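Below, chain A is the first sequence line, B the second, and so on; all start at residue 1. Note that the structure is a prediction, hence the values are computed from the model and not measured.
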There are 2 protein chains.
Amino acid sequence: MFAIGEASRRSGVGIETIRYYEREGIVPRPERSANGRRVYSTEAIGLLKFLKNCRSLGFSLADAKALLDLSGSARSDCDAVLDVSKRHLRAIGEKIAELRKLEAALEELTANCSAGNTECPMLDTLRRS
Amino acid sequence: MFAIGEASRRSGVGIETIRYYEREGIVPRPERSANGRRVYSTEAIGLLKFLKNCRSLGFSLADAKALLDLSGSARSDCDAVLDVSKRHLRAIGEKIAELRKLEAALEELTANCSAGNTECPMLDTLRRS
DNA sequence: CCTTGATCCTGTAGCGACTACAGGAAGCAT
DNA sequence: ATGCTTCCTGTAGTCGCTACAGGATCAAGG
């Protein structure tokens with residue numbers, strides 16, 4: 001059994017974040033030691049790692065929680081997991097496309113800008129309707 | 001001179017957002033009519049459009065404000081504009097790269113998942129250290 | 001003149017996912 | 001006894017809005 005600092009080190013989830021997850025009901029409340037401090041089992045640390053992995057993949061906390069619940073359920077069927085993942089993949093794809101559009105637009109805007117100009121063509125464009 | 005609703009319609013910036021920009025000091029406080037309502041000139045609406053364009057390009061509000069100030073200054077030299085834009089372009093590029101990595105990782109994870117599986121390989125991976 | 005509906009006002013709270021304190025109580029090592 | 005670290009609770013800040021609540025005012029129609 002580990003204190004919150006150790007759980008943080010082992011899971012890679014920040015101390016404040018662990019307490020936040022607890023407040024939000026993402027992870028179950030840990031037991032407390034005689035002095036009132038939180039105590040974490042290796043299983044509890046496993047949950048934190050799981051959440052960390054989900055977040056690293058860009059899943060929202062709500063999705064991460066859903067995946068965690070799926071992981072905990074007896075029959076962890078792929079169907080629901082795939083559903084969440086595919087939605088997320090689509091969102092990522094859309095975000096990439098959007099950013100690429102921004103990138104292209106911004107590159108075009110800056111192309112005509114050159115140091116020393118008195119009147120900036122980019123500002124000019126930004127002022128347009 | 002226009003009321004806030006008309007300014008919103010003409011600039012494409014939401015009413016609440018206009019008031020928010022005012023609170024935050026992004027745009028100057030408009031004059032008030034006798035009954036205390038905000039009144040916007042075409043110039044003021046131009047500022048809102050400018051901000052809208054900046055935000056559409058993904059600039060942070062702080063950057064947008066900086067660009068707006070540059071636009072208003074007498075000598076609007078390209079140097080400072082380019083500086084802000086290039087930083088933003090770099091940030092966009094980094095974000096795209098990051099999202100592509102996520103996309104690839106997630107695609108690999110879901111590849112081994114198939115409907116009807118009793119034990120989901122993706123959840124398995126998420127549980128790992 | 002009265003009512004209805006649209007628009008406006010201020011002020012506050014909520015979103016997501018943390019992060020950063022403040023202010024205090026333990027524990028541990030010297 | 002002292003310092004240092006870790007822990008606790010509770011609150012507020014981040015970003016850029018957005019959504020109310022609760023009220024005032026306006027313009028048009030009957």
Side-chain angles (χ1 to χ4, degrees), chain A residues 1-27 29-40 44-45 47-48 50-68 84 87-88 91-92 95 98 102, chain B residues 1-27 29-40 44-45 47-68 87-88 91-92 95 98 102:
Chain A
M1 305 295 274
F2 311 97
I4 196 171
E6 189 59 25
S8 170
R9 243 166 277 127
R10 284 172 187 249
S11 66
V13 179
I15 290 177
E16 312 267 17
T17 307
I18 294 176
R19 287 198 278 246
Y20 168 73
Y21 285 173
E22 179 186 336
R23 269 203 306 285
E24 296 298 305
I26 310 292
V27 293
R29 290 193 194 165
E31 293 182 24
R32 301 291 185 126
S33 67
N35 48 32
R37 298 187 171 191
R38 290 171 180 81
V39 169
Y40 295 88
I45 291 173
L47 299 188
L48 292 171
F50 186 96
L51 288 172
K52 170 120 235 248
N53 287 333
C54 290
R55 298 286 301 126
S56 302
L57 285 167
F59 284 107
S60 71
L61 203 45
D63 279 354
K65 162 92 169 128
L67 291 173
L68 188 59
V84 174
R87 251 190 303 109
H88 185 40
I92 290 176
K95 189 142 263 175
E98 192 186 333
L102 287 191
Chain B
M1 307 296 276
F2 311 96
I4 196 169
E6 189 59 26
S8 170
R9 243 165 279 127
R10 284 172 187 250
S11 66
V13 179
I15 290 178
E16 312 267 18
T17 307
I18 294 176
R19 288 199 276 247
Y20 168 73
Y21 286 173
E22 180 186 335
R23 270 203 307 285
E24 296 297 305
I26 310 291
V27 294
R29 291 195 195 164
E31 293 183 25
R32 300 290 184 125
S33 67
N35 48 31
R37 298 188 171 190
R38 293 171 178 80
V39 168
Y40 295 88
I45 292 173
L47 299 190
L48 291 171
K49 283 184 194 162
F50 185 98
L51 288 172
K52 170 120 237 248
N53 287 333
C54 290
R55 298 286 301 125
S56 301
L57 285 167
F59 284 107
S60 72
L61 204 45
D63 279 354
K65 162 94 169 129
L67 290 173
L68 189 59
R87 250 190 304 109
H88 185 41
I92 290 176
K95 189 142 265 177
E98 192 187 331
L102 287 192

From the options [options], select the nucleotide whose nearest atom is closest to the side chain of [X].
X: B/R38; options: C/dC9, D/dT9, C/dG11; value: C/dC9
X: A/R32; options: D/dT9, C/dC9, D/dG16; value: D/dT9
X: B/T17; options: C/dT7, D/dC17, D/dC7; value: D/dC17
X: A/I4; options: C/dT7, C/dC9, D/dC7; value: D/dC7
X: B/R9; options: C/dC18, C/dT7, D/dT6; value: C/dT7
X: A/L61; options: C/dT7, D/dC17, C/dC18; value: C/dC18

- Task: Evaluate the criterion side chain to side chain contact (heavy atoms under 4.5 Å, CB included) for residue pair B/R87 and B/D63; output intermediate values, then yes/no.
- Result: CA-CA 10 Å; B/R87 250 190 304 109; B/D63 279 354; 4.2 Å; yes

Roughly how far, to the nearest 0.5 Å, is [atom2] of [Y] from [atom1] of [X]?
X: A/L48; Y: A/I4; atom1: CG; atom2: CD1; value: 8.5 Å
X: B/L51; Y: B/T17; atom1: CG; atom2: OG1; value: 11.0 Å
X: A/I45; Y: A/Y40; atom1: CD1; atom2: OH; value: 9.0 Å
X: B/F59; Y: B/K65; atom1: CZ; atom2: NZ; value: 16.0 Å
X: A/N53; Y: A/L67; atom1: CG; atom2: CG; value: 11.0 Å

- Message: Under 4.0 Å from OP1 or OP2 of D/dG16: is there any side-chain N or O of B/Y21 that close?
- Response: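 Negative; the distance criterion is not met.
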
- Item | Under-4.0 Å side-chain N/O to phosphate OP1/OP2 contact, A/R23 with D/dG10 |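 It does not, given that no N or O in the side chain of A/R23 lies less than 4.0 Å from OP1 or OP2 of D/dG10.
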
- Item | Donor-acceptor pair (no angle test) under 3.5 Å: A/E24 side chain, C/dC18 base | no

Interatomic distance, [X] [atom1] vs [N] [atom2] [rounded to whole Å]:
X: A/E22; N: D/dC7; atom1: CD; atom2: C1'; value: 13 Å
X: B/E16; N: C/dT10; atom1: CD; atom2: C1'; value: 11 Å
X: A/F59; N: C/dG16; atom1: CZ; atom2: P; value: 17 Å
X: B/Y20; N: C/dC15; atom1: OH; atom2: C1'; value: 13 Å
X: B/R55; N: D/dC15; atom1: CZ; atom2: C1'; value: 9 Å
X: A/I15; N: C/dA20; atom1: CD1; atom2: P; value: 12 Å
X: B/R29; N: C/dC9; atom1: CZ; atom2: P; value: 14 Å

With a cut-off of 3.5 Å and sequence neighbours excluded, list every side-chain donor-acceptor pair involving residues 18-27 of chain B.
residue, atom, partner, partner atom, Å
B/E22, OE1, B/R38, NE, 2.6

Between protein and nucleic acid, restricted to nucleotides 24-27 of chain D and to nitrogen or oxygen atoms under 3.5 Å apart, what atom pairs and distances do you find?
residue, atom, partner, partner atom, Å
D/dT25, O2, B/R37, NH2, 3.3
D/dC26, OP1, B/N35, ND2, 3.3

- Message: Does A/K52, at its NZ atom, have more than 12 non-hydrogen atoms belonging to other residues, nucleotides or ligands within less than 6.0 Å?
- Response: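 Counting other residues, nucleotides and ligands, NZ of A/K52 stays at 12 neighbours or fewer.
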
- Message: Please check if the number of heavy atoms outside A/R29 that lie under 6.0 Å from its CZ is greater than 12.
- Response: no

- Electrostatic pair A/R9-A/E6, nearest N-O below 4.0 angstrom: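 Judged by the 4.0 Å cut-off on N to carboxylate O distance, A/R9 and A/E6 do form a salt bridge.
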
- For the helix from C/dC1-D/dG30 to C/dT30-D/dA1, what angle lies between the axis at the first five pairs and the axis at the last five pairs, to 10 degrees?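 The two end axes of the helix from C/dC1-D/dG30 to C/dT30-D/dA1 meet at 20°.
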
- Item | First of B/A62 and B/R19 reached from the 5' end of DNA chain D, by closest nucleotide | B/A62

